[in-house]
Amino acid sequence: MSSTYPVRKKHLVLAIGMAAFLTGSLAVAAPAPWQDRSASTQDRVAALMQRMTKAEKLSLVTSELAMEFGNYKKPAGAIGSAAYVAAIGRLGVPALQISDAGLGVTNPVNARPGDGATALPAGQAQSGAFDLQLAREGGAMIGAEAKHRGFNVLLAGGMDLVRDPRNGRNFEYMGEDPILAGQIAAAEVAGVQSQHVISTIKHYAVNSYETGRMMSSMDMSVPAMQESDLLAFRIAVEEGKPGSIMCSYNKVNAVYACQNPYLLTDVLRGEWGYDGFVMSDWGALSDGAAAVTAGLDQDSASTLDRGPKFIDAMRKMANRPEGEKVLDTKVRHILTAMIANGVFDDQARPAEGDAEIAAHMAVARRIEEEGAVLLRNENATLPLASVKKILVVGGHADKGVIAGGGSSAVLPRGGSAVIDPVQPSLETMPHPIVFEPNPPLDALRKAMPGAKIVFNSGENPREVAELAQKADAVVVFVTKWQGESLDAPDLELTEADNALIEAVAQANRKSVVVLETGNPVVMPWFGKVGAVLEAWYPGSAGGEAIANLLSGKVAPSGRLTTTWPKALTDLPRPELPGAGHHAGAFPFDKSNIAYLKNYDLNIEGANVGYRWFAERKIAPAFPFGFGLSYTQFSHDGLTVSMSGKTAVAHAKVTNTGKRVGDDIVQIYAHAPDGTPLRLAGYGRVTLAPGESRIVDVPLSPYATARYDVAQKNWKQSAGTYRFVFAQNAADQTGPSASLSIDAE
Ligand code: BGC
């Protein structure tokens, strides 16, 4: 990090003051009971709360916006980010410095001038890598960069299920499958929290659309919701133990998620036993008093709220004897997350220099290498290893790789490679369009020093066609930008991009299309090009990763975690009124009234994505789990056995091709009750040519269970299940095995 890193003087004074407080107390006496690391979290929290005044407790249940815009000035002590809660110096309670970090540590409206960070690739690549260890490393990378900047709470872990490929935020999410999304999010959370930084999962719950997001209701029956979106969150809570959960903007069954007692109290506390804290999304509260009783613990960036204020309701409540207990419960949730995650014991403080950039970029690169999906590769068009003259076209491939827009957008180190003329502000969300300065063109030249590689911007298809005729191969880069607060009206690329690809395909048989999109797209030219690589939004090291994949240094192995439909008419909701209309940032945008609509999610219910396509017998353009490699694999056998209480699949894979590559083992459960298939387990295996291995894949107990409404819990559903070792969700012809499950 540059020496101009904006450490605020006041913040330093605060940090020094706190250090003095801590060392002072250590020098003269034993540590206060809540500072005793050998005591349990519960005891430490209780001891601290005994010493806190009501005013101190109240100071923890709201956070303040920590960036400047318009007349709003960020609070003294805030580093500059999404939100801030002041320290309680008297008791050594650290300030909460809260930053967005879905893909990397953000720097909204350049609140910390020039402070760029490492961005991971989009959630589709993170989940598409099917690699829990790597997801954890991604989280640890973000956690380390956050801690280094003085942040101790991250708004990481976007994990709403992808119910519709038009949602502008899908690039922040982990795909359409609840078990995979929950486990990947859990791994990322565990990685962040390994750095003693609290992680948040969001947006709880069912924030399926951006269109009308601050007003619309997502309507769904309890069992369907439990077996889809809530299942993903449940798994993330159980396996990742996030210190915090962010409730969403939308209503769920007519009640705002942040004011929803069913979600915040009955399910989260009652059914899942969650002991961390719930924070609201920024400006999500329309009735703070309702949020108090529903179970919200911390009102985020309270200045953005509309309607009766949460803090006023809290103060009023805390003045009544039984009301103070409500305040205590909220404070206990916040302090539990802080103490359990080491926020007291290993305090984050802004440090000089940038932490381990090379190692962090390597994590981002590996996720992209494992998560990008090869959709087509006719006549071994890829890899380009032996090609001598390559034309690279379009997509600003000479400058960088594109990121998605909105609160998750990470400021690249060195600034954006392409300048978006729209001035960034909260009102112009999801701008700016950001390009990481990591051009695939430079990286390709480095990866293929023997090849002559030229670039053309792609504005003139005729000129491109002429150049393409003279090249041995052509790589066309196509970007489609999407972001928070906007859904796309369709899955189309621009006419200009389609025309450019057609022109290239006609001029050169060795044509490669690299897509940098946030969602599936329609490809009218698909049958005419040689190869298609979906790189998603490929993150800070995207250029290098794409070059490694194209040149063949690395064989593609990523798989789709969202079903690609052939047409919008194949989706549960073909029409999406208002899509493309800005959903409003903060505060409440009245122009959205025109698009106020409720979404009937019972149409597909728990049959999200591939389960919908299976139930309706619709063939997708590309199924969930699809992805090619430069080598081939055979799937030769499957057995399933019980190991203690866990079912484990043993799947035999052989690399039948000529080069090393990774296969993704996918095991789907077919239930005796006839409900559509579910991904039950998965694994990644690296195999040399000719090598065989039996891969042991633990199967999720949720794949053989149903939600029991009367008992408010999941129960194993008895019967004989068929497990299939499949290529993808739509091809279930692979080896299979049966297992009988007893009722619980
Ligand atoms: C987004 C959240 C984000 C928050 C703070 C909201 O607009 O929905 O995902 O964490 O802003 O930036």
Side-chain angles (χ1 to χ4, degrees), residues 62-69 72 74 78-85 96-112 122-123 142 146 151 153-160 167-174 185 188-189 192 198-216 233 242-250 256-258 278-285 298-306 404-411 424-431 482-487 582-589 592:
T62 53
S63 68
E64 297 310 318
L65 191 66
M67 62 185 102
E68 307 203 338
F69 70 98
Y72 182 82
K74 74 178 161 71
I79 298 173
S81 65
Y84 169 77
V85 179
L96 292 181
Q97 304 276 5
I98 304 171
S99 173
D100 270 301
L103 303 169
V105 178
T106 67
N107 186 355
V109 296
N110 205 13
R112 308 181 310 280
I142 299 176
F151 294 112
V153 181
L154 291 187
L155 313 175
M159 54 170 300
D160 293 278
N167 182 338
R169 295 193 89 168
N170 285 344
F171 73 92
E172 296 182 51
Y173 301 150
M174 302 301 168
E188 205 197 295
V189 164
V192 169
I198 292 172
S199 191
T200 306
I201 51 173
K202 66 186 185 183
H203 309 90
Y204 183 69
V206 207
N207 194 168
S208 312
Y209 288 96
E210 290 300 282
T211 309
R213 67 174 176 173
M214 301 191 103
M215 293 170 295
S216 300
F233 277 94
S244 171
I245 296 182
M246 184 191 295
C247 51
S248 55
Y249 284 131
N250 54 288
Y256 274 112
C258 289
V278 181
M279 64 167 81
S280 53
D281 200 345
W282 274 227
L285 298 193
Q298 191 178 74
D299 175 18
S300 304
S302 57
T303 181
L304 299 171
D305 293 334
R306 52 197 197 263
S407 60
S408 67
V410 175
L411 181 72
S425 78
L426 290 178
E427 284 71 30
T428 57
M429 167 101 109
H431 283 274
Q482 286 198 257
E484 176 180 345
S485 80
L486 276 180
D487 293 325
H582 194 272
F586 327 96
F588 183 68
D589 176 356
N592 271 289

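We count ligands from 1, going down the list as the structure has it; atoms in each ligand are counted the same way.
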Sub-3.5 Å donor-acceptor pair from the side chain of S81 to the main-chain atoms of I98, do we have one? yes
Hey, does the side chain of D487 reach the backbone of G168 with a donor-acceptor pair shorter than 3.5 angstrom? yes
Quick one: which ligand 1 atoms are inside 4.0 Å of a heavy atom on K202? 2 (C), 3 (C), 9 (O), 10 (O)
Counting each atom of ligand 1 from 1 as listed, which ones have a heavy atom of R213 under 4.0 Å away? 7 (O), 8 (O)
Between S302 and E64, is there a side-chain donor-acceptor contact under 3.5 Å, judged purely by atom types and distance? yes
I need the contact type for [X] against ligand 1. Using non-hydrogen atoms and a strict under-4.0 Å cut-off, is it side chain, backbone, both or neither?
{"X": "E484", "value": "side chain"}
{"X": "R169", "value": "side chain"}
{"X": "M279", "value": "neither"}

Does R112 count as lying over the ring of F151, i.e. NZ or CZ under 6.0 Å from the six-ring centre, within 45 degrees of the axis? no
Nearest heavy atom to atom 5 (C) of ligand 1: which of D100, T200, L65, I98 does it belong to? D100
Ion pair R169/E484, N-O distance below 4.0 Å: yes
Non-hydrogen atoms of M214 versus ligand 1: any pair closer than 4.0 Å? no
